[in-house]
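All residue numbers refer to positions in the sequence shown, counting from 1.
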Amino acid sequence: MKIYIVYDSEAGHTEQLARSIAKGAQSVDGTEVFINHVNKANVKDLADMDVIIWGCPGHFGTISSGLKEWIDKLGYLWANGTLVDKIGAVFCTTATIHGGIEATLLNLITPMLHQGMMVVGLPATTPENALYGSYYGVGVTSPVEDTHDELIQSLFAKGLRLGETLGKRVANTANTIAAGKKLHGNP
């Protein structure tokens, strides 16, 4: 199972979340994870992946310009149906509580749906997710610069753990779908 994680990060918080998602995915046997900053990621690599996870800092409730520019290069993959039926998931960080996390996650999901991908989020059966997470992916409130606000620090740490949970869930979901395809004789 090949998983590609692409992220945009400015202050390092989104990169930390991307790495926690990778850690969760790598905990699943048979999973190979590739992770790249959007400036180094190549859209052509997506054709060989089973799972694609992307994320960025939320900018006023939407996708960062760096990741948006990268996503806009997916047109030829869309035209050829290359990403149809691949598993996808999304993540983001924001600087404030209620800083547009769910709006950003929904904006990140939309291109995946246009590509024909199957999007995996986190269910309410993950207790922490029901308390401070999102069903659309993982959104984390990040500490701004040198803030020592205990609530923000706590939310960020809990968010990183939710990142691991999402990575593991996505990898397990992809394995389940692949096993079902093999069982029914589909490649």
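- Minimum heavy-atom separation, Gly159 to Val140: CA-CG2, 3.6 Å.
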Pair Phe60-Thr104, side chain to side chain contact (heavy atoms under 4.5 Å, CB included): steps then yes or no: CA-CA 8 Å; Phe60 308 107; Thr104 302; over 6 Å; no
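- In plain terms, the two heavy atoms of Phe91 and Ala18 that are nearest each other are CZ-CB, 3.7 Å.
- A continuous path of Ile, Leu, Val, Met, Phe, Trp and Tyr side chains, each step under 4.5 Å between heavy atoms, connects Leu74 with Val119, placing both in one hydrophobic cluster.
- Within the structure, salt bridge (charged side-chain N to carboxylate O under 4.0 Å, His left out) contacts touching residues 6-24 (residues at least two apart or in different chains) are Glu15-Arg19, Lys23-Glu164.
- Using a distance-only test at 3.5 Å, with no hydrogens or angles considered, no donor-acceptor pair links the side chain of Trp70 to the main chain of Asn39.
- Side-chain contact check for Tyr4 versus Asn36: some heavy-atom pair is nearer than 4.5 Å.
- Partners of Thr93 under the side chain to side chain donor-acceptor pair (under 3.5 Å) rule, at least two apart in sequence or in another chain, are Thr14.
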Side-chain donor/acceptor pairs under 3.5 Å, residues 25-35, sequence neighbours excluded:
residue, atom, partner, partner atom, Å
Ser27, OG, Gly24, O, 2.6
Thr31, OG1, Val28, O, 3.0

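- Taking each heavy atom of His59 and Ser65 in turn, the nearest pair found is ND1-N, 4.5 Å.
- Under the 4.5 Å side-chain contact rule for hydrophobic residues, Val38 and Leu77 share a cluster.
- Summarising the geometry of Gly61 relative to Asn107, their closest heavy-atom pair is O-ND2, 2.9 Å, with the distance given to 0.1 Å.
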Review item, side-chain donor-acceptor pairs of residues 43-54, under 3.5 Å, at least two apart:
residue, atom, partner, partner atom, Å
Asp50, OD2, Lys2, N, 2.8
Trp54, NE1, Leu108, O, 3.1

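- Screening residues 70-90 for salt bridge (charged side-chain N to carboxylate O under 4.0 Å, His left out) gives Lys68-Asp72 as the qualifying pairs, with residues at least two apart or on separate chains.
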Side chain to side chain contact (heavy atoms under 4.5 Å, CB included) between Ser134 and Leu122, intermediate numbers included: CA-CA 7 Å; Ser134 173; Leu122 285 174; over 6 Å; no
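- In this structure the side chain of Pro57 never reaches within 4.5 angstrom of the side chain of Thr94, judged on heavy atoms.
- Looking only at side-chain heavy atoms (C-beta outward), Gln115 and Val84 stay at 4.5 Å or farther from each other.
- The CG atom of Asn172 sits 10.0 Å away from the CE atom of Met1 when rounded to the nearest 0.5 Å.
- With sequence neighbours excluded, no residue forms a side chain to side chain donor-acceptor pair (under 3.5 Å) with Tyr136.
- Looking at heavy atoms from C-beta onward, Thr173 lies out of side-chain contact with Thr176 at the 4.5 angstrom threshold.
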Residue pair Met117, Ile87: steps toward the side chain to side chain contact (heavy atoms under 4.5 Å, CB included) verdict: CA-CA 6 Å; Met117 296 172 65; Ile87 304 297; over 6 Å; no
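- Here Ser20 contributes atom OG and Arg161 contributes atom CZ; the two are 10.5 Å apart, rounded to the nearest 0.5 Å.
- At least one side-chain heavy atom of Val138 sits less than 4.5 Å from a side-chain heavy atom of Leu17.
- Taking CD1 of Ile63 as the reference point, atom SG of Cys56 lies at 6.0 Å (rounded to 0.5 Å).
- Cluster annotation: Val170 is not connected to Val6 through the hydrophobic network of ILVMFWY side chains, with a link wherever side-chain heavy atoms come within less than 4.5 Å.
- Taken from CD in Gln16 to OH in Tyr7, the straight-line distance is 11.0 Å, to the nearest 0.5 Å.
- Between the side chain of Arg169 and the main chain of Val120, no donor-acceptor pair closer than 3.5 Å is present.
- The shortest non-hydrogen separation linking Leu67 to Gly55 is CD2-O, 3.6 Å.
- Under the 4.5 Å side-chain heavy-atom criterion for Ile, Leu, Val, Met, Phe, Trp and Tyr, Leu83 and Ile177 are members of distinct hydrophobic clusters.
- Taking hydrophobic clusters as Ile, Leu, Val, Met, Phe, Trp and Tyr residues chained together by side-chain heavy-atom distances below 4.5 Å, Ile109 shares a cluster with Ile101.
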